[in-house]
Amino acid sequence: MERKNTDIKVPLLSKIAYGMGDVGCNFSWMFVGNFLMIFYTDVFGIGMEAVAGLMLFSRFWDAVNDPVIGGLSDKTHTKWGRYRPWLLVAAPLTAVVLILTFWAHPAWTPTVKIIYMAVTYCILVLGYTCVNIPYGTLCGAMTQNIEERAKINTFRSVSAMIAIGIINIITVPLISALGQGNDRQGYLLVAIVYGCIFAACHIFCFAKTKEVVQIPEKEKISLKVQLTSVMKNKPYMIAVAGQFLFGITLYGRNADALYYFTYVEGNQALFSTYSLCIILPSIVGAACFPVLFRLTNNKGRSASIFALLTGVSMFCMYFFTAAKSPVPFYLFSCLAQFFFSGFNTAIYAIVPDCVEYGEWKTGLRNDGFQYAFISLGNKIGMAIGTSVLAVVLGSFGYMANQQQNTAVLAVMKHSFTTIPGVLWIVTAGVLYFYRLNRKAYHKIVQEIQERKENESHV
């Protein structure tokens, strides 16, 4: 039987379409990450303790559904492939749940509020899992060419940075404009707009991408065997650790950002100004990953360098404020975002290569299952980052829509600067030990192909 060529160049339109998938992801998940916590506390009227508890509980839910969805996507068989159909079906349904999540009912009793929050958020997390895991896995199914994968992830990251910049710039004024002074209405209408964008982007991604890498047909493999195989995959375990730290740092800081500008800087509108300043460095930084990859020949080492410089830049931000020293504040903000965007491209470009390493090492290829644990590591990090922030703010006496005490303001400032700065430096240290370079990858792919050819002749 003739072996299908999978070491291919991906058409430009497919790369753009794949990038649009992450535009959709961010119009859902980054909106949730940046705005849901302050929506719960300052609009819905839910206490910090309840929000913190939800963030932790939802990760136990993720621990169950992430590997399940990853395994199911690996086993999906349709004329469109394994992963693309999930985008077509799950994205529109998740968009509806996103809208319901931002439908506030401040007059309800505290118990009913918490129940509604827990149900809608957990369903939203499940829906996002059904979209994001197949979407993330799709990159590895589009080609086995390591340079093409780097380019695909660059399109993804550049698109994501543009989307994040737009979201952060327009969301606060859009809530105000659509709500006309009513934040409840503003958040709901913004969620409707973003939900439609989320669904449309993934449908476009489904329509204009193609899967060429097939998972070998095997008998049913137990969860224990799959877990054992990923534990033997050292590059993959480093990637999971990197994603875990990435989740803590990114989402904890993002959840704090609007609190920081509202209460520490004293002007919520500065959040949009800050977002406008960092959008160009975001795009340029994401596009610089292939350059650093060519210099290092190692995606993990590239991610490590970007993480280190991100951490140093964020740490320096502590000594300045947007109100009193805007030039150095925005300068270090731009530098931090430039290096972060390069890291964001690199960390996701690592994952498909780890799948090949795992197949070479153990004989088992389970793209969706492995991406599920990458996603789970990131989400657990997100839970820790956001819930710890909520617990600490609550314990120091945070009161919604009021002047905060000195301790709360200090927590907000450190959570935006020094704490993520230190965590980025730790992340750099972890990813430094990633050893799967370009030469080793090419050798691994060649040996896998030779193994398949020998098996086909038996």
Side-chain angles (χ1 to χ4, degrees), residues 20-46 51 54 91-108 112-113 116-117 119-121 123-125 127-128 131 159-204 251 253-279 282 322 386 400-402:
M20 289 302 295
D22 218 17
V23 170
C25 285
N26 282 288
F27 268 94
S28 167
W29 203 240
M30 197 54 63
F31 177 48
V32 169
N34 289 6
F35 294 92
L36 186 60
M37 185 170 158
I38 200 167
F39 166 79
Y40 280 151
T41 60
D42 290 19
V43 179
F44 208 157
I46 300 172
V51 174
L54 171 69
L93 296 176
T94 304
V96 174
V97 183
L98 175 69
I99 295 166
L100 293 175
T101 303
F102 282 91
W103 185 24
H105 305 83
W108 283 356
V112 176
K113 286 181 184 179
Y116 183 84
M117 173 183 70
V119 171
T120 53
Y121 185 74
I123 296 175
L124 178 65
V125 167
Y128 184 75
V131 175
S159 300
M161 292 302 109
I162 293 172
I164 291 169
I166 292 172
I167 291 165
N168 289 340
I169 292 167
I170 70 172
T171 300
V172 171
L174 198 59
I175 290 168
S176 177
L178 295 179
Q180 297 180 341
N182 184 341
D183 282 350
R184 288 173 56 196
Q185 176 179 301
Y187 271 100
L188 179 60
L189 293 177
V190 169
I192 292 171
V193 173
Y194 288 2
C196 292
I197 294 172
F198 171 77
C201 287
H202 282 100
I203 291 171
F204 178 65
Y251 292 106
R253 186 175 189 262
N254 284 356
D256 178 66
L258 208 52
Y259 288 103
Y260 172 81
F261 285 104
T262 301
Y263 296 108
V264 177
E265 298 284 0
N267 185 355
Q268 190 178 78
L270 286 174
F271 179 71
S272 295
T273 305
Y274 165 80
S275 302
L276 180 62
C277 287
I278 65 175
I279 187 169
S282 297
T386 52
N401 302 306
Q402 296 183 25

[atom1] of [X] to [atom2] of [Y]: how many Å apart, nearest 0.5 Å?
X	Y	atom1	atom2	value
Ile170	Ile175	CD1	CD1	10.0 Å
Tyr263	Asp256	OH	CG	12.0 Å
Asp42	Gln268	CG	CD	8.5 Å
Phe271	Thr262	CZ	OG1	9.0 Å
Ile164	Asn34	CD1	CG	8.0 Å
Trp29	Thr94	CH2	OG1	10.0 Å

- Message: Please evaluate residues Tyr128 and Val97 with respect to the criterion side chain to side chain contact (heavy atoms under 4.5 Å, CB included), reporting the C-alpha separation (whole Å), side-chain torsions for both, the decisive distance (0.1 Å), and the verdict.
- Response: CA-CA 10 Å; Tyr128 184 75; Val97 183; over 6 Å; no

If you compare all heavy atoms of [X] against all heavy atoms of [Y], which two are closest, and at what distance to 0.1 Å?
X	Y	result
Tyr259	Ile38	OH-CA, 3.4 Å
Phe44	Lys113	O-NZ, 3.2 Å
Thr101	Phe39	O-CE2, 3.6 Å

- Passes side chain to side chain contact (heavy atoms under 4.5 Å, CB included), Tyr121 versus Leu36? Steps please. CA-CA 10 Å; Tyr121 185 74; Leu36 186 60; 3.5 Å; yes

- Task: Report the C-alpha separation of Ile167 and Asn26 in whole Å, then their side-chain angles, then the decisive distance to 0.1 Å, and conclude whether the side chain to side chain contact (heavy atoms under 4.5 Å, CB included) test is met.
- Result: CA-CA 8 Å; Ile167 291 165; Asn26 282 288; 4.2 Å; yes

- Message: Tell me whether Glu265 contacts the main-chain N or O of Leu270 through its side chain, where contact means a donor paired with an acceptor under 3.5 Å.
- Response: no

- Item | Ser282 side chain to Met161 backbone, donor-acceptor under 3.5 Å | no

Are [X] and [Y] side-chain neighbours, meaning at least one heavy-atom pair lies under 4.5 Å?
X	Y	value
Thr41	Ile46	no
Val23	Ile166	no
Val32	Phe102	yes

- What pairs of residues pass the side chain to side chain donor-acceptor pair (under 3.5 Å) test when at least one of them lies in residues 195-204, not counting sequence neighbours? none

- Task: With sequence neighbours left out, write down each residue that passes side chain to side chain donor-acceptor pair (under 3.5 Å) with Asn267, or none if nothing qualifies.
- Result: none

- Message: Aromatic contact between Phe35 and Phe31, with the criterion being ring centroids under 6.0 Å apart: yes or no?
- Response: yes

Only pairs under 3.5 Å count here: list side-chain donor-acceptor contacts from residues 180-200, not counting sequence neighbours, and write none if there are none.
residue : atom : partner : partner atom : Å
Asn182  : OD1  : Arg184  : N            : 3.0
Asn182  : OD1  : Gln185  : N            : 3.3
Gln185  : NE2  : Leu178  : O            : 2.9
Tyr194  : OH   : Thr171  : OG1          : 2.7

